[in-house]
2 protein chains.
Amino acid sequence: MVDTVRSTFLNLPEAKQEKILDAALAEFADKSYEQASVNVMVSACGIAKGSLYQYFKDKKGIFLYVFDLAVSRVRRTLVKVKEETAGEEFFTRLEKSLLAGVDFIRRHPRIYNLYLKILFDQRVPERERLLTAVRRFAADYLGSLVRQGVARGEIRADLPEHTVIFLLDALFDRFLQATCVPAFDVTLNLEKADEREIRERIGELVGILRSGLAA
Amino acid sequence: MVDTVRSTFLNLPEAKQEKILDAALAEFADKSYEQASVNVMVSACGIAKGSLYQYFKDKKGIFLYVFDLAVSRVRRTLVKVKEETAGEEFFTRLEKSLLAGVDFIRRHPRIYNLYLKILFDQRVPERERLLTAVRRFAADYLGSLVRQGVARGEIRADLPEHTVIFLLDALFDRFLQATCVPAFDVTLNLEKADEREIRERIGELVGILRSGLAA
DNA sequence: CTATGGTATGACCAGATGGTCATAAGGATT
DNA sequence: AATCCTTATGACCATCTGGTCATACCATAG
């Protein structure tokens with residue numbers, strides 16, 4: 001995994017490292033993997049192309065390194081939310097997790113865009129592995145919430161856990177997508193919503209999950 | 001909309017038209033829009049590149065024409081399901097609609113792949129318009145089911161309709177994605193599921209929607 | 001002052017792209 | 001047979017791509 005980056009890069013002053021990673025993230029977040037241009041990256045961060053190929057083995061190496069960094073940031077953020085809400089009720093934790101997701105995306109839109117690229121660009125290197133890792137993390141996160149909810153008697157114990165997690169995962173993912181891809185969301189207008197409205201919509205959704213649709 | 005295709009193309013014998021559209025669909029479904037190659041299309045269907053540019057204004061024109069055809073096929077299929085289940089109960093209609101979706105994708109995987117491309121390739125021409133159209137259709141479809149369900153007293157009338165539709169739309173879309181993108185679905189294994197299993201999972205999901213999660 | 005070794009450079013390569021256009025082929029009407 | 005119009009062709013163009021490599025730079029060590 002780390003054999004894609006050369007020690008030359010790690011020896012660089014941190015500011016320069018960051019400038020390069022920033023340019024790479026911007027480019028990969030903007031275009032599809034194959035369309036992302038190494039030429040654009042180097043001219044954006046003001047180094048020679050040859051230099052970049054002294055830092056990384058190839059384009060794929062740059063990509064994997066950037067992706068790894070992005071994922072670890074997401075991980076850290078969500079794990080923190082889980083710990084901070086450990087004592088609260090299941091449905092409250094759902095709401096707070098979703099809110100934290102929205103907040104993360106608004107602060108790191110390019111990282112989320114990178115994730116969307118992995119989701120649907122079939123030609124991303126090692127896509128299967130990267131994608132599975134991310135989704136598995138989400139499923140584990142939700143699974144741990146669900147199991148604790150069941151143990152505390154806050155949610156029904158008679159439901160197949162996998163299906164519950166699937167439903168929650170689907171809803172979370174789409175909600176987050178809707179906050180930044182307006183065309184996804186022809187009903188709730190989440191992209192233009194302020195935080196109060198976001199909270200309201202989250203409350204409504206979790207309310208439906210809680211009590212069901214049947215009359 | 002139709003000013004992208006030239007009359008020359010429409011005058012062609014139907015078999016030749018189909019061969020060309022088939023090659024174009026295959027290529028657009030396989031790669032991202034910008035990565036899809038006109039050269040590949042023409043050699044796949046055995047015509048000269050110049051000919052293709054006599055049938056369509058440019059690459060974008062080919063794409064929009066193919067997309068329009070695909071969308072109208074989806075529309076026809078789903079409208080038929082809606083009509084055929086008009087008399088049945090809300091939750092049954094949900095189940096049958098989902099099942100019809102799975103069936104359509106298995107019979108027309110390339111069309112569904114094309115849709116996924118629109119979803120996440122930010123550089124697809126007129127993406128906003130195409131995407132909004134598709135999502136609006138889904139929302140209208142589900143909305144009509146919901147309103148009839150409310151009118152018949154099958155589902156609660158006290159819920160905000162938009163939010164209900166949003167939830168259903170999210171769940172439907174992800175379920176369909178899971179049936180053909182294994183990495184999406186680390187919990188249910190839908191890709192390998194036979195029809196009996198698919199029916200079971202659909203039943204469980206709709207069951208949760210019906211009665212909620214709370215203990 | 002020189003030698004060493006890591007670092008930086010950008011001209012260059014082969015290959016691909018979308019799109020063009022002069023030319024040719026077909027078929028119908030005169 | 002001659003004219004005319006539509007359709008078919010593929011060599012060609014400018015432009016971009018990821019990747020290479022001989023060369024230059026520069027700090028330290030002898």
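Naming: A, B, ... by sequence-line order, numbering from 1 per chain.
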- Note on the structure: Axis-to-axis angle for the helix from C/dC1-D/dG30 to C/dT30-D/dA1, ends of five pairs each, to 10°, equals 30°

- Item | Spacing of B/Asn11 atom CG relative to C/dG26 atom C1', expressed in whole Å | 15 Å

- Message: Quick check on A/Lys82: does its NZ atom have over 12 non-hydrogen neighbours (other residues, nucleotides or ligands) under 6.0 Å away?
- Response: yes

- Take the protein atom CD1 of B/Ile62 and the nucleotide atom C1' of C/dG18, then report the distance between them rounded to whole Å. 10 Å

- With salt bridge (Lys or Arg N to Asp or Glu O under 4.0 Å) as the test, would you mind laying out the steps for B/Glu83 and B/Lys80 before giving the verdict? CA-CA 5 Å; B/Glu83 287 169 358; B/Lys80 209 170 125 200; over 6 Å; no

- Task: State plainly whether the residues B/Asp30 and A/Arg123 are in salt-bridge range, i.e. N to O under 4.0 Å.
- Result: yes

- Task: Name every residue in residues 54-61 of chain A that has at least one heavy atom under 4.0 Å from any atom of DNA chain C, in order of residue number, or write none if there are no such residues.
- Result: A/Gln54, A/Tyr55

- Task: Please lay out, stage by stage, how B/Arg201 and B/Glu197 fare under the test salt bridge (Lys or Arg N to Asp or Glu O under 4.0 Å).
- Result: CA-CA 6 Å; B/Arg201 295 294 93 72; B/Glu197 286 172 298; 5.0 Å; no

- Do the side chains of B/Leu209 and B/Leu171 get nearer than 4.5 Å, heavy atoms only? yes

- Item | Pairs where residues 14-49 of chain B contributes a residue and the test ring-ring contact (aromatic ring centres under 6.0 Å, His included) is met, not counting sequence neighbours | B/Phe28-B/Tyr33, B/Phe28-B/Phe63, B/Tyr33-B/Phe63

- Note on the structure: To the nearest angstrom, the OH-C1' distance between B/Tyr53 and C/dT17 comes to 9 Å

- Message: Using 0.5 Å steps for rounding, measure from the OG1 atom of A/Thr132 to the CD1 atom of A/Ile118.
- Response: 11.5 Å

- Query: Between B/Glu88 and B/Lys96, is the closest basic N to carboxylate O distance under 4.0 Å?
  - Reply: yes

- Query: To the nearest 0.5 Å, how far apart are CG in A/Leu159 and CG in B/Leu213?
  - Reply: 6.5 Å

- Strand contacts (DNA chain C) in residues 32-47 of chain B, 4.0 angstrom heavy-atom criterion: B/Ala36, B/Ser37, B/Val38, B/Asn39

- Outer limits of DNA chain D sitting under 4.0 Å from a non-hydrogen atom of chain B, read 5' to 3', are D/dT7 to D/dG10

- Side chain to side chain, A/Leu94 and A/Phe172, heavy atoms closer than 4.5 Å: yes

- Within the structure shown, what part of the strands sits under 4.0 Å from A/Thr8 by heavy-atom distance: base, sugar-phosphate, or nothing? sugar-phosphate

- Message: Can you list, in residue-number order, the parts of residues 13-26 of chain A that come under 4.0 Å of DNA chain C, counting heavy atoms only?
- Response: A/Lys16

